[in-house]
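So the structure is just underneath, and the comments pick up after that.
We're numbering straight along the sequence, starting at 1. Keep in mind that what you see is a predicted model, and the values were worked out from it rather than measured. We use all heavy atoms of the structure for the numbers below, so side chains are in, but hydrogens, waters and symmetry mates are not.
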Amino acid sequence: MTERSRILIIEDDAEIRGLVRDYLQRQGFRVDVGDGGAALDRFLSVIGEPDLIVLDIMLPGEDGLSLCRRIRAKSSVPILMLTARSEDIDRIIGLEMGADDYLGKPFNPRELVARIRAILRRREPEPTACRRVVVGNISIDLSTRSVEHKESGSIPLTSAEFDLLECFVTRPQRVLSREQLMDWTRGRQADPLDRTIDVQVSRLRKKIESGEVALIKTVRNAGYMLCAPVEEH
């Protein structure tokens with residue numbers, strides 16, 4: 001991560017948009033802002049992908065959930081969604097559509113910056129030699145954060161999905177609790193009712209287990225486990 005990472009904020013509330021823009025700029029980020037889907041589309045077509053998108057769910061016209069779905073259809077750019085604290089279902093749907101993280105309103109700008117930096121930091125390749133592992137028919141490059149199926153080719157994962165996969169392949173055949181996975185991938189403790197990890201595991205399974213024997217096993221009342229052996233290459 002560099003302190004000049006480019007952040008795109010899509011938020012229809014002009015006051016919140018301005019406050020967040022100013023705060024992120026003071027933290028050293030390059031910041032662009034927009035008030036909805038049209039502004040998002042213009043930015044992506046003219047400037048290209050930012051390093052991260054902060055996307056509000058409650059937008060006029062096309063809402064944030066729909067925009068997240070459209071972005072994910074063609075891009076793995078990290079998305080941090082802003083949600084009202086009472087909208088648990090929207091938060092879950094956002095994660096199912098591929099958001100990397102979420103933050104409830106009202107929020108502390110310092111926490112927003114911490115979440116952004118955590119996502120960007122996890123996307124940085126390790127400053128070591130390329131390390132590739134194989135699980136079943138899946139080849140995973142931990143340096144370039146890329147995943148390929150032996151027969152069907154590249155498997156696009158979001159930043160959050162790859163973080164979760166990396167937790168499993170670096171700790172194979174061990175039961176990992178939801179609390180551990182939340183701490184390792186989000187850097188925070190899990191709320192007992194938080195379904196974030198369950199949603200992400202479900203999405204990950206659909207992508208890497210298509211036509212395969214199950215790779216990730218649910219361990220009742222305990223968590224999840226990568227049940228296949230991991231081979232280093």
Side-chain angles (χ1 to χ4, degrees), residues 1 5-6 8 40-41 43-53 55 65-81 92-101 118-174 176 181 184-186 196-218 224-233:
M1 178 188 68
S5 296
R6 189 164 204 155
L8 174 61
L40 171 66
D41 291 338
F43 182 93
L44 295 178
S45 64
V46 175
I47 299 177
E49 287 188 2
D51 294 297
L52 182 142
I53 298 174
L55 180 61
L65 295 175
S66 177
L67 291 175
C68 181
R69 185 194 301 114
R70 284 209 290 115
I71 294 168
R72 275 293 166 262
K74 54 187 177 182
S75 172
S76 61
V77 60
I79 300 173
L80 191 158
M81 301 205 77
I92 292 169
I93 293 172
L95 292 168
E96 289 175 340
M97 290 182 178
D100 292 273
D101 204 352
I119 293 172
L120 295 176
R121 187 166 54 246
R122 290 195 296 267
R123 286 177 65 86
E124 285 189 325
E126 294 292 331
T128 57
C130 172
R131 183 181 171 209
R132 185 180 294 273
V133 298
V134 174
V135 182
N137 287 326
I138 306 299
S139 175
I140 304 153
D141 191 321
L142 297 173
S143 178
T144 62
R145 295 174 65 87
S146 58
V147 183
E148 291 189 359
H149 188 279
K150 182 174 66 175
E151 297 178 355
S152 57
S154 177
I155 301 175
L157 298 184
T158 67
S159 177
E161 290 162 358
F162 189 90
D163 294 339
L164 192 57
L165 178 60
E166 185 173 16
C167 284
F168 285 119
V169 300
T170 54
R171 302 168 181 86
Q173 298 174 311
R174 285 174 49 188
L176 306 179
L181 292 169
W184 289 329
T185 62
R186 293 285 185 274
T196 300
I197 291 300
D198 299 314
V199 172
Q200 297 288 7
V201 169
S202 176
R203 283 181 56 85
L204 181 61
R205 279 172 164 164
K206 289 177 182 177
K207 291 185 177 183
I208 68 172
E209 294 182 350
S210 178
E212 303 288 334
V213 175
L215 299 177
I216 299 174
K217 175 183 177 182
T218 300
Y224 298 97
M225 179 177 69
L226 180 69
C227 51
V230 175
E231 301 176 4
E232 294 195 17
H233 284 230

To the nearest 0.5 Å, tell me how far [X] [atom1] sits from [Y] [atom2].
{"X": "Leu52", "Y": "Ser5", "atom1": "CG", "atom2": "OG", "value": "8.5 Å"}
{"X": "Ile93", "Y": "Ser66", "atom1": "CD1", "atom2": "OG", "value": "12.0 Å"}
{"X": "Leu8", "Y": "Asp51", "atom1": "CG", "atom2": "CG", "value": "11.0 Å"}
{"X": "Glu161", "Y": "Glu166", "atom1": "CD", "atom2": "CD", "value": "14.0 Å"}
{"X": "Asp101", "Y": "Ile119", "atom1": "CG", "atom2": "CD1", "value": "5.0 Å"}
{"X": "Thr170", "Y": "Leu142", "atom1": "OG1", "atom2": "CG", "value": "7.5 Å"}

Locate the shortest heavy-atom distance separating [X] from [Y]; write the atom from each residue and the value.
{"X": "Lys207", "Y": "Pro156", "answer": "NZ-O, 3.1 Å"}
{"X": "Ala214", "Y": "Cys227", "answer": "O-SG, 3.5 Å"}
{"X": "Arg6", "Y": "Phe43", "answer": "NE-CZ, 4.0 Å"}
{"X": "Gly94", "Y": "Cys68", "answer": "O-SG, 4.2 Å"}
{"X": "Met97", "Y": "Leu65", "answer": "SD-O, 3.2 Å"}
{"X": "Pro50", "Y": "Ile53", "answer": "CG-CG1, 3.6 Å"}

Assess whether salt bridge (charged side-chain N to carboxylate O under 4.0 Å, His left out) is satisfied between Glu96 and Arg203, documenting all intermediate values.
-> CA-CA 7 Å; Glu96 289 175 340; Arg203 283 181 56 85; over 6 Å; no
Would you kindly say whether Arg70 and Ser75 are connected by a side-chain donor-acceptor distance under 3.5 Å?
-> no
Quick one: do the Thr158 and Arg72 side chains pair a donor with an acceptor below 3.5 Å?
->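 Arg72 and Thr158 do not have a side-chain donor-acceptor pair below 3.5 Å.
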Heavy-atom donor-acceptor pair, [X] side chain to [Y] backbone, under 3.5 Å:
{"X": "Lys150", "Y": "Ile138", "answer": "no"}
{"X": "Gln173", "Y": "Ala228", "answer": "no"}
{"X": "Asp100", "Y": "Ile79", "answer": "yes"}
{"X": "Glu209", "Y": "Leu215", "answer": "yes"}

Any [X] side-chain heavy atom under 4.5 Å of [Y] side chain:
{"X": "Val134", "Y": "Ile140", "result": "no"}
{"X": "Arg145", "Y": "Ser159", "result": "yes"}
{"X": "Leu181", "Y": "Phe168", "result": "yes"}
{"X": "Met225", "Y": "Arg174", "result": "no"}
{"X": "Arg205", "Y": "Tyr224", "result": "yes"}

Could you pull out all residues at least two apart from Ser76 that satisfy side chain to side chain donor-acceptor pair (under 3.5 Å)?
->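 Side chain to side chain donor-acceptor pair (under 3.5 Å) check on Ser76 returns nothing, list empty.
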With Val135, which of Ile216, Val147, Val169 fulfils side-chain contact (heavy atoms from CB on, under 4.5 Å)?
->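 Answer to the side-chain contact (heavy atoms from CB on, under 4.5 Å) test with Val135 among Ile216, Val147, Val169: Val169.
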Go through the steps to decide whether Arg132 and Asp141 satisfy the test salt bridge (charged side-chain N to carboxylate O under 4.0 Å, His left out), and finish with yes or no.
-> CA-CA 4 Å; Arg132 185 180 294 273; Asp141 191 321; 3.3 Å; yes
Partner residues of Pro172 under the side-chain contact (heavy atoms from CB on, under 4.5 Å) criterion, sequence neighbours left out |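 side-chain contact (heavy atoms from CB on, under 4.5 Å) check on Pro172 returns Leu226, Val230.
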Identify, with sequence neighbours excluded, every residue that meets salt bridge (Lys or Arg N to Asp or Glu O under 4.0 Å) alongside Arg171.
-> none
